[in-house]
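This report refers to the structure that appears directly beneath it.
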Amino acid sequence: MIEEAFPTVGTGWPWATFAINVSGAFVLGALLEFLALAGPDDGWRRTVRVFAGTGLCGAFTTYSTFALETTQLGHHGAPEVAIAYAVVSVVLGVLGAWAGIVVAGTAGRRRAVRRGGVS
């Protein structure tokens, strides 16, 4: 649906896949930080991690489309765009995950302070 709303034209930047993957990395980082703050990776936390992290975030983001688009950019005469797309996607994906970790960690600590648990 997002790909249809923001189609890639010719050798242009694949904005839809790019935005989906970076936002998915943010959500995954936030989810994993929330679960880490909640306790050990067992019971309901493991179930949520596998279902929401691997299942939902994995279904939302798409490495295969990222790889295909990168390859197609190179094959259709835009190797510079392909390289930039690959590098920027990975770097912003890592930064997105880090930002998710920071946001969830900050929110979790504020919540704990309001409850009187952590200072």
Side-chain angles (χ1 to χ4, degrees):
M1 183 188 307
I2 295 174
E3 194 70 45
E4 291 173 3
F6 302 99
T8 301
V9 179
T11 56
W13 194 273
W15 286 107
T17 304
F18 178 76
I20 288 166
N21 287 341
V22 172
S23 63
F26 174 87
V27 170
L28 183 60
L31 171 69
L32 296 179
E33 180 66 8
F34 166 77
L35 292 172
L37 292 173
D41 185 34
D42 56 17
W44 70 269
R45 288 176 293 278
R46 179 171 291 165
T47 301
V48 169
R49 177 181 57 80
V50 171
F51 176 76
T54 304
L56 297 179
C57 287
F60 179 67
T61 61
T62 174
Y63 181 78
S64 58
T65 303
F66 162 69
L68 176 65
E69 289 170 340
T70 302
T71 303
Q72 285 180 332
L73 285 167
H75 284 303
H76 292 102
E80 302 86 4
V81 176
I83 291 167
Y85 176 57
V87 170
V88 172
S89 292
V90 170
V91 169
L92 287 186
V94 170
L95 290 175
W98 174 79
I101 291 167
V102 169
V103 168
T106 301
R109 284 187 286 284
R110 285 184 184 157
R111 185 173 171 199
V113 167
R114 281 193 300 258
R115 288 182 164 179
V118 177
S119 56

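Just the heavy atoms: all of them, side chains too, but no hydrogens, waters or symmetry mates, feed the values below. Quick note: residue numbers are just sequence positions, from 1.
- In plain terms, the two heavy atoms of Gly93 and Ala25 that are nearest each other are O-CB, 3.2 Å.
- Residues satisfying the salt bridge (charged side-chain N to carboxylate O under 4.0 Å, His left out) criterion with Arg110, sequence neighbours excluded, are absent altogether.
- Criterion: ILVMFWY side-chain heavy atoms under 4.5 Å apart, direct or through other members. Under it, Trp15 and Val91 are part of a common hydrophobic cluster.
- Note on Val48: it does not cluster hydrophobically with Phe51, by side-chain heavy-atom contacts below 4.5 Å among ILVMFWY residues.
- Between Phe60 and Ser23, the shortest heavy-atom contact is CE2-OG, 3.5 Å.
- Within the structure, the salt bridge (Lys or Arg N to Asp or Glu O under 4.0 Å) test picks out the following pairs touching residues 47-58 (sequence neighbours left out): Asp41-Arg49.
- Hydrophobic clustering places Val103 together with Val27 (ILVMFWY residues linked when any side-chain heavy atoms are closer than 4.5 Å, directly or through intermediates).
- Atom OG1 of Thr11 sits about 12.5 Å away from atom CD of Glu69, to the nearest 0.5 Å.
- For Ala104 against Ala30, the heavy-atom pair with the smallest separation is CB-O, 3.4 Å.
- Heavy atoms only, all atoms of each residue included: Leu73 and Ala82 are closest at CB-CB, 3.7 Å.
- Rounding to the nearest 0.5 Å places OG1 of Thr71 at 9.0 Å from CZ of Phe66.
- Relative orientation of the Tyr85 and Trp13 rings is perpendicular, given thresholds of 30° and 60° on the angle between their planes.
- Here the CZ atom belonging to Arg45 is positioned 11.0 Å from the CG atom belonging to Leu37, to the nearest 0.5 angstrom.
- Note that CD1 of Ile101 and OG1 of Thr106 are 11.5 Å apart. Values are rounded to the nearest 0.5 Å.
- Taking Val50 as the reference, Arg46 meet the side-chain contact (heavy atoms from CB on, under 4.5 Å) condition, with sequence neighbours excluded.
- Hydrophobic clustering (side-chain heavy atoms under 4.5 Å, transitive across Ile, Leu, Val, Met, Phe, Trp, Tyr) keeps Trp98 apart from Val87.
- For the atom pair Tyr63 OH and Thr17 OG1, the distance stands at 13.5 Å (nearest 0.5 Å).
- Going from atom CG of Leu28 over to atom CG of Asn21 covers 11.5 Å, rounded to the nearest 0.5 Å.
- For the pair Ala86 and Thr70, the tightest heavy-atom approach, listed with the atom from each and the gap, is CB-CG2, 4.1 Å.
- Taking hydrophobic clusters as Ile, Leu, Val, Met, Phe, Trp and Tyr residues chained together by side-chain heavy-atom distances below 4.5 Å, Ile20 does not share a cluster with Leu68.
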